[in-house]
Enquirer: 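First the structure, which I've put down as structure tokens, then a few questions once you've had a look.
Counting from 1, the numbers follow the sequence of the chain as shown.
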Amino acid sequence: SAFMGTLYALLGMRAYGFGRIDYQDRAKREAIRSLETVVAASPSLGPQSAVLAGAMRGYGPPVGFNWEWFDGADDPVQDDPSLRGYNVP
């Protein structure tokens with residue numbers, strides 16, 4: 001929304017990504033190659049309110065970082081050498 005874009009710009013953010021997007025909107029944006037866009041949120045603030053926004057690939061953790069307790073496919077990071085499952089090189 002314009003309000004969020006303005007708020008992000010005023011907080012010093014220059015870019016943000018979002019993971020949730022309607023499948024039809026995503027298909028349309030992929031077709032016209034516009035998964036990233038510049039949100040010019042506030043005309044009164046001018047160019048300083050411009051924030052880069054982009055749709056992420058899917059909704060979830062990146063490969064190797066799925067540590068959910070109910071379906072976690074990846075081992076948690078255990079960086080204490082005294083642990084039996086120590087797995088940090």
Side-chain angles (χ1 to χ4, degrees):
S1 71
F3 172 76
M4 291 306 297
T6 302
L7 181 62
Y8 290 155
L10 292 174
L11 291 173
M13 292 180 65
R14 295 294 166 235
Y16 67 94
F18 51 93
R20 288 189 152 182
I21 185 171
D22 179 69
Y23 74 97
Q24 294 170 326
D25 188 18
R26 181 174 192 88
K28 176 185 167 190
R29 289 176 182 271
E30 284 179 345
I32 60 174
R33 299 178 59 137
S34 71
L35 285 172
E36 292 180 343
T37 186
V38 175
V39 178
S42 174
S44 63
L45 292 176
Q48 75 179 20
S49 72
V51 178
L52 176 66
M56 308 298 280
R57 283 256 177 237
Y59 187 69
V63 174
F65 292 89
N66 185 5
W67 302 319
E68 294 293 333
W69 65 271
F70 56 90
D71 71 346
D74 302 312
D75 292 331
V77 174
Q78 297 186 25
D79 60 354
D80 184 349
S82 67
L83 294 172
R84 184 171 37 131
Y86 177 74
N87 59 3
V88 176

Enquirer: Without swapping roles, check the side chain of Tyr86 against the backbone of Val88 for a donor-acceptor pair under 3.5 Å.
Expert: yes
Enquirer: Leu7 and Met13: same hydrophobic cluster, using ILVMFWY side-chain contacts below 4.5 Å?
Expert: yes
Enquirer: Restricting to non-hydrogen atoms, name the atom on Asn87 and the atom on Asp75 that form the minimum distance, rounded to 0.1 Å.
Expert: ND2-CB, 4.1 Å
Enquirer: Taking all non-hydrogen atoms of both residues, which atom of Ile21 and which atom of Ala55 are closest, and how far apart?
Expert: CD1-CB, 4.2 Å
Enquirer: Measure the spacing between CD of Gln48 and CZ of Arg14 and express it to the nearest 0.5 Å.
Expert: 7.5 Å
Enquirer: Which atom pair, heavy atoms only, marks the closest approach of Met56 to Arg26?
Expert: O-NH1, 3.0 Å
Enquirer: Near Arg33 CZ, under 6.0 Å, is it more than 12 heavy atoms from other residues, nucleotides or ligands?
Expert: no
Enquirer: Find out if a path of hydrophobic residues (ILVMFWY) with successive side-chain heavy-atom gaps under 4.5 Å connects Val39 to Leu35.
Expert: no
Enquirer: Determine whether Phe18 and Val51 fall in the same hydrophobic cluster, where Ile, Leu, Val, Met, Phe, Trp and Tyr are linked whenever their side-chain heavy atoms lie under 4.5 Å apart.
Expert: yes
Enquirer: For Ala40 and Ser49, which heavy atoms make the closest approach, and how far apart are they?
Expert: C-OG, 4.3 Å
Enquirer: Atom CD1 of Ile32 and atom CD of Glu30: how far apart are they, to the nearest 0.5 Å?
Expert: 11.0 Å
